[in-house]
Amino acid sequence: MPQYWLMKSEPDEYGWDDLVAEKEGTWDGVKNAQASNNMKAMKKGDQVFFYHSRQGLEVVGIMEVSEEHSPDVTTDPDRWVVVKVKPARKLDKAVPLKEMKQNPKLKDLAIIRQFRLSVAPVTESEWDAILEMGGG
DNA sequence: GCCAACGTTGGC
DNA sequence: GCCAACGTTGGC
């Protein structure tokens, strides 16, 4: 049973298209204890929504954890970790934050309750609801 | 060990 | 570009 997650990135910095171009991306630079703990809990094969923050404000695609956590040499390797991810597929239709906020099934979604959390768990029912909004 | 100041994130 | 939310830092 894979677990579900959501990770945010500013498309200016690193967007969905950048991940697709790279084929496998290293999710680095996360300097937040809660986000870091979530990354440590990720297992290979877990499914992750890619959310565009600042510009876009929408879930654009799904990626898969391809390598579990290792020290983040771009920040402080004693403190923070990276995971590696591969793009799985793009959603037929990007799901905007505005619509997620309007969906009662998503009222407890971690990124709505705590908007600054950049790596957050998603429950199976939340995952299904977002997938449905994104065209299956 | 408290808490004010400061820095960063991200929605608007 | 602004600023609210919130995490971190550092003076006491």
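So that the names make sense, note that chain A is the first sequence line, chain B the second, and so on, each numbered from 1.
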Could you please name the option among [options] that lies closest to any side-chain atom of [X]?
X	options	result
A:R79	B:dC12, B:dG10, C:dT9	C:dT9
A:N32	C:dA5, C:dG7, C:dT9	C:dG7
A:S53	B:dG10, B:dC12, C:dA5	B:dG10

- [ ] Check whether the side chains of A:S53 and A:E10 place a donor and an acceptor atom closer than 3.5 Å, and report yes or no.
- [x]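 No, because no side-chain N or O of A:S53 sits under 3.5 Å from a partner of the opposite role on A:E10.
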
Open item on the list: Between A:T75 and A:D72, is there a side-chain donor-acceptor contact under 3.5 Å, judged purely by atom types and distance?
Closed with: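 A donor-acceptor contact under 3.5 Å links the two side chains.
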
Rounded to whole angstrom units, what separation is found between the [atom1] atom of [X] and the [atom2] atom of [N]?
X	N	atom1	atom2	result
A:M100	B:dC12	CE	P	11 Å
A:K8	C:dC6	NZ	P	11 Å
A:H52	B:dG10	NE2	C1'	14 Å
A:L57	B:dC12	CG	C1'	8 Å
A:W80	B:dT8	CH2	P	14 Å
A:E13	B:dT8	CD	P	13 Å
A:Q34	B:dT9	CD	P	15 Å
A:Y14	B:dG10	OH	P	17 Å

Open item on the list: If I take atom CG from residue A:L109 and atom CD1 from residue A:I130, how far apart are they, to the nearest 0.5 angstrom?
Closed with: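 If we round to the nearest 0.5 Å, A:L109:CG and A:I130:CD1 are 5.0 Å apart.
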
How would you label the contact of [X] with the nucleic acid (heavy atoms, under 4.0 Å): base, sugar-phosphate, or nothing?
X	result
A:K31	nothing
A:K98	nothing
A:E10	nothing

- [ ] Verify the contact: side-chain N or O of A:Q114 to OP1 or OP2 of C:dG7, cut-off strictly under 4.0 Å; return yes or no.
- [x]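 Yes, such a contact exists.
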
Task: Geometric class of the A:Y14/A:F50 ring pair [parallel <30°, tilted 30-60°, perpendicular >60°] - done: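 Parallel, since the angle between the ring planes stays under 30°.
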
TODO: For the pair A:W127 and A:Y4, name the ring-plane relationship: parallel under 30°, tilted 30 to 60°, perpendicular over 60°.
DONE: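 Parallel.
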
